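Let me begin by presenting the structure, written as C-alpha cells, before commenting on it.
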Amino acid sequence: MGHENQIISGAAVLEVPLMQPQIQDLITAAIAAKKKSYSPYSHYQVGAALLTGDGQIVTGCNIENAAYGPTNCAERTAFFKAVSEGIREFRAIAIVGSPEGDELTQYAYPCGVCRQVMMEFCDPEEFQIVVAKSQEDYKIMTLQALLPEGFGPENLK
C-alpha cells in the first residue's frame, strides 16, 4: 500500500530502538499537537511529540509571528517546554505537518535550526526522529543521519 516504515540510521544498529506502541503513541500525540498550531501566515501546521528519557511525552506545535523571525517550530517548542521543566534526556521525536486541514499529505522533516537544537540535547547516533503521514506510513531515522558531522557540546570539550 505504499507504506514506507523505513529506519535510516547513521549508526549500524540502534541500541534502544523504539517499540511499535511507542511509535504509535508519539504519532498520535504529534497529530493532536498539530491541531493547536498557530500558523495564520503560512497555513502550514506542524505538531511534534518528544519522548523523554523517562518515558514522558512532551508536545509542541509551530507558533508563527507576523515578524517571521520570532516564529518557533513545533520541535523546538517541545524541546524548550521540556528543558524549561528540567528534562535533559530524550529518546525520540515524532513530527507531522502539512498545509491546514486534518489530512497529512507529506512528511515534515525538521529544519536545520531544529536539528541543531536536537544536537544540543541528544546523542546523534541514538536519538530517533519519526516523520509520519499516518499511523501506518512513517520513517524513522537518527539525528546522525539528518545532521552528519553535526556540531554539539562534545566539540567544545
Side-chain angles (χ1 to χ4, degrees), residues 3-39 44-63 71-98 102-104 106-157:
H3 301 291
E4 293 291 333
N5 300 351
Q6 301 179 21
I7 299 179
I8 305 164
S9 174
V13 177
L14 295 173
E15 284 185 33
V16 187
L18 290 173
M19 305 306 289
Q20 192 64 30
Q22 291 172 310
I23 296 168
Q24 298 304 310
D25 289 348
L26 284 172
I27 294 171
T28 298
I31 291 169
K34 176 184 172 284
K35 293 177 182 171
K36 297 176 183 174
S37 168
Y38 178 74
S39 48
Y44 191 85
Q45 300 174 314
V46 182
L50 180 62
L51 180 63
T52 68
D54 64 359
Q56 295 179 62
I57 295 177
V58 179
T59 60
C61 64
N62 59 322
I63 304 167
T71 293
N72 203 51
C73 298
E75 302 92 309
R76 283 183 282 143
T77 299
F79 268 95
F80 295 163
K81 282 172 59 177
V83 171
S84 72
E85 295 299 320
I87 301 169
R88 301 287 191 278
E89 293 183 15
F90 306 101
R91 293 193 51 218
I93 191 168
I95 308 161
V96 299
S98 62
D102 291 333
E103 186 180 358
L104 295 171
Q106 56 196 246
Y107 297 114
Y109 291 89
C111 74
V113 174
C114 288
R115 294 174 196 198
Q116 186 61 47
V117 168
M118 292 175 195
M119 188 71 181
E120 184 69 22
F121 296 102
C122 305
D123 178 341
E125 293 180 0
E126 294 297 322
F127 187 71
Q128 296 165 69
I129 299 166
V130 179
V131 292
K133 287 199 259 183
S134 71
Q135 294 284 345
E136 299 80 30
D137 189 355
Y138 58 85
K139 296 179 183 183
I140 301 175
M141 62 219 65
T142 63
L143 179 56
Q144 173 90 36
L146 283 182
L147 188 64
E149 305 302 326
F151 185 87
E154 291 299 316
N155 295 99
L156 298 176
K157 291 185 179 175

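Along the sequence shown, the residues carry numbers beginning at 1. What you are looking at is a predicted structure, and each value in this text was computed from that prediction instead of being measured.
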Considering only heavy atoms from C-beta outward, does the side chain of [X] approach that of [Y] to under 4.5 Å?
X      : Y      : result
Phe121 : Phe127 : no
Leu26  : Ile57  : yes
Lys34  : Leu104 : yes
Leu146 : Met118 : no

Whether [X] side chain and [Y] backbone form a donor-acceptor pair below 3.5 Å:
X      : Y      : answer
Asn62  : Val46  : yes
Asn155 : Gly152 : yes
Arg76  : Val117 : no
Arg91  : Gly55  : no
Gln116 : Phe151 : yes

Q: Check whether more than 12 heavy atoms from other residues, nucleotides or ligands sit under 6.0 Å from atom CD of Glu103, and answer yes or no.
A: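 Count not over threshold, so no.
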Q. Would you say the side chains of Gln106 and Tyr44 form a donor-acceptor pair under 3.5 Å?
A.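 Judged by distance alone, the side chains do pair up.
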Q) Distance only, no hydrogens: is a donor on one side chain within 3.5 Å (strictly under) of an acceptor on the other, for Thr28 and Gln135? A)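 Yes, Gln135 and Thr28 have a side-chain donor paired with an acceptor closer than 3.5 Å.
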**Q.** Pair Thr142-Glu126, side-chain hydrogen bond (donor to acceptor under 3.5 Å, both in side chains): steps then yes or no
**A.** CA-CA 6 Å; Thr142 63; Glu126 294 297 322; over 6 Å; no
